[in-house]
Amino acid sequence: MTQNSASKLLNGDTLHRTKQDKKAGGNGFVKNHCLFQQQQKRYRRPAEKSHHASRTLLYKKTFVESFEETPLLVAVLTYMGYGILTIFGYLRDFLRDWKLEKCHLAREREEQKDFVPLYQDFENFYTRNLYMRIRDNWNRPIRSVPGAKMDLVERVTPDYNWTFEHTGKVLKDVINMGSYNYLGFAENTGTCADTASECTEKYGVGVCSTRQELGNIDKHEELEKLAARFLGVESSMVFGMGFATNSMNIPALMEKGCLILSDELNHASLVLGARLSGATIRVFKHNNMQSLEKLLRDAMVHGQPRTHRPWKKILILVEGIYSMEGSIVRLPEIIALKKKYKAYLYLDEAHSIGALGPRGRGVVDYFGLDPCDVDIMMGTFTKSFGAAGGYIGGKKELVDYLRLHSHSAVYATSMSPPITQQIITSMKCIMGEDGTTLGQERLCQLSENTTYFRRRLHEMGFIIYGNNDSPVVPLMLYMPAKIGAFGREMLKRNIGTVVVGFPATPIIESRARFCVSAAHTREMLDTVIMTNLFLSFHFDFGVK
């Protein structure tokens, strides 16, 4: 890496599919990003020394992320594939309109033909003509714990994926590479299952009321105190649904006259919460500090549109691990910008809590930062803790405010008691307060499995995205036809994985997404790796 390119990275150059500083790979271009642990040994003029050194010293460890641009030939062929599907889609819609082909779509009743259409046919064009062709890769019913291995219910379709029928057979011991069971706590045996069972016998399975009425039990308060201690914050509040934790709490904090700066790859729950708040939303490029700083500077200089009054509040929305990219937020730089421009920071640790850091306490722990530097710490219990729900952590004044103003607290039913107990037990295990080293062992195993799986795929030439320490591993497929073929062929070999395409990803960046777990053995990972290698020779996907 040249001196000039290193300087650009330290200045916050984009990490996401940029054309600068790239080197040719076998099937496109690769860019490896590295923020060095120590200041570079070279002489600078005093004016630039402090600027670059301050950026370098923000990171206490090497930060490496790699993305590869879609090769031109692959992009052209992918667009051609979508074009052919679109042409045939219009042809089939024509045949359906003339009743020459059976229509499985939702339509208005005959007596409502003069009404304004309730179902938007054209808006569902993609669903009808592409998604339905490969729908068998999603919504597969399982009939076991989503652990390292699982049992799937076999199903067939008589009408090309419009409907499914269960055959009564069960596919046994399918290697589970799709669940967010990062620490392996999704299990029906062991301490977590035993304590949850005991809690069910004492409290029942539901509370049937909101927290502000008769739905507040001692288990909720125990969990909130434990979560605050786990996160290293003054106070915390738990909610029964992870999605609602974002979508219902952001509107309680932001309003008209406020500004939200959102990463372009943020989860739908963050996007929905920002929209419901009524605040002005501006999007910055993924993990691009130059883009974020420009928006912050413009907000300070120009203020609100038309009136140019200062913004009431400025809130930066980011995630810890981005689940489609496998990338980790550049939190030290974001905190530095937040302090510089007096903004607030909302950190969504849905995928990073429990999965990152030497103590499993998320991206803040991973970078060795002070939790007090993050104004609103949000996360979910649906991944690493093997449960459900979410939390908000921060200052006591913040949490007390949300208890009164959050729609999730006022109107939503409180968390189920056995779910609460599952989280308490798993969290104490991670913290080592259960008297065992099981939690630390699982954290170490997840880190080892992640490093091994990513390294082997990279050595074999597969095109994978994201950070070296991220347990979310996207493997690029690119073409739409390969999405369905890859998912089906993996299942034939007793491996369950998630395939993702447009609109969840850019149209030319379809991928398979593997989620590594501490419950996976080395033999399981080797089986998945070798199956990928075998299929790559047949489908020619994602290999340099």
Does [X] reach the side chain of [Y], with side-chain heavy atoms less than 4.5 Å apart?
{"X": "Glu65", "Y": "Ile328", "value": "yes"}
{"X": "Leu270", "Y": "Tyr346", "value": "yes"}
{"X": "Val473", "Y": "Met177", "value": "no"}
{"X": "Leu296", "Y": "Leu261", "value": "yes"}
{"X": "Leu491", "Y": "Leu171", "value": "yes"}
{"X": "Ile483", "Y": "Phe502", "value": "no"}
{"X": "Met378", "Y": "Leu347", "value": "no"}
{"X": "Leu446", "Y": "Thr450", "value": "yes"}

Any salt bridge (Lys or Arg N to Asp or Glu O under 4.0 Å) pairs touching residues 167-192, not counting sequence neighbours?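 As it turns out, the salt bridge (Lys or Arg N to Asp or Glu O under 4.0 Å) pairs with a partner in residues 167-192, which skip direct neighbours, are Asp151-Lys172, Glu187-Arg442.
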Suppose the criterion is salt bridge (Lys or Arg N to Asp or Glu O under 4.0 Å): which pairs have a residue in residues 137-147, not counting sequence neighbours?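 Pairs touching residues 137-147 that pass the test: none.
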Examine the side chains of [X] and [Y] and answer whether a donor and an acceptor come within less than 3.5 Å of each other.
{"X": "Asp159", "Y": "Thr157", "answer": "yes"}
{"X": "Asn246", "Y": "Asp348", "answer": "yes"}
{"X": "Thr127", "Y": "Asn124", "answer": "no"}

Just list the side-chain donor-acceptor pairs under 3.5 Å for residues 353-369, sequence neighbours left out, or say none.
unit_1, atom_1, unit_2, atom_2, d
Arg359, NE, Asp365, OD1, 3.4
Arg361, NH1, Phe230, O, 3.4
Asp365, OD2, Arg359, N, 2.8
Tyr366, OH, Asp469, OD2, 2.6

Shortest non-hydrogen contact from Leu475 toward Phe462: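 Smallest interatomic distance, heavy atoms only, reads CD1-CD2, 3.8 Å.
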Please report whether the ring centroid of Tyr465 lies less than 6.0 Å from that of Phe67.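 Yes - the distance between ring centres of Phe67 and Tyr465 falls below the 6.0 Å cut-off.
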With Tyr131 via ring pair (Phe, Tyr, Trp, His ring centres under 6.0 Å) - residues at least two apart: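 If we apply the ring pair (Phe, Tyr, Trp, His ring centres under 6.0 Å) test to Tyr131, skipping adjacent residues, the hits are Trp138.
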Ring pair (Phe, Tyr, Trp, His ring centres under 6.0 Å) filter on Tyr322, not counting sequence neighbours, yields His286
For Arg455, which residues count as a salt bridge (Lys or Arg N to Asp or Glu O under 4.0 Å) partner, sequence neighbours excluded? Glu459
Residues two or more places apart in sequence or in another chain: which of them pass side-chain hydrogen bond (donor to acceptor under 3.5 Å, both in side chains) with [X]?
{"X": "Lys149", "value": "none"}
{"X": "Thr437", "value": "Glu441"}
{"X": "Ser352", "value": "Glu349"}
{"X": "Arg488", "value": "Asp136"}

Between Phe381 and Phe385, what is the ring plane arrangement, given parallel below 30°, perpendicular above 60°, and tilted in between?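 Rings of Phe381 and Phe385: perpendicular, over 60°.
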Applying side chain to side chain donor-acceptor pair (under 3.5 Å), which residue pairs with at least one partner in residues 78-88 are found, sequence neighbours left out?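 Output for this query is empty, none listed.
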From Cys515 SG over to Tyr180 OH, what is the distance, rounded to the nearest 0.5 angstrom?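 Result: 5.5 Å between the selected atoms.
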Test your reading of the model: is there a side-chain donor-acceptor pair from Ser426 to the backbone of Ile423, 3.5 Å cut-off?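 Side chain of Ser426 to backbone of Ile423, a donor-acceptor pair under 3.5 Å: yes, one is there.
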With sequence neighbours excluded, what pairs up with Glu448 under the side chain to side chain contact (heavy atoms under 4.5 Å, CB included) test?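 For Glu448 the side chain to side chain contact (heavy atoms under 4.5 Å, CB included) partners, ignoring immediate neighbours, are Gln445.
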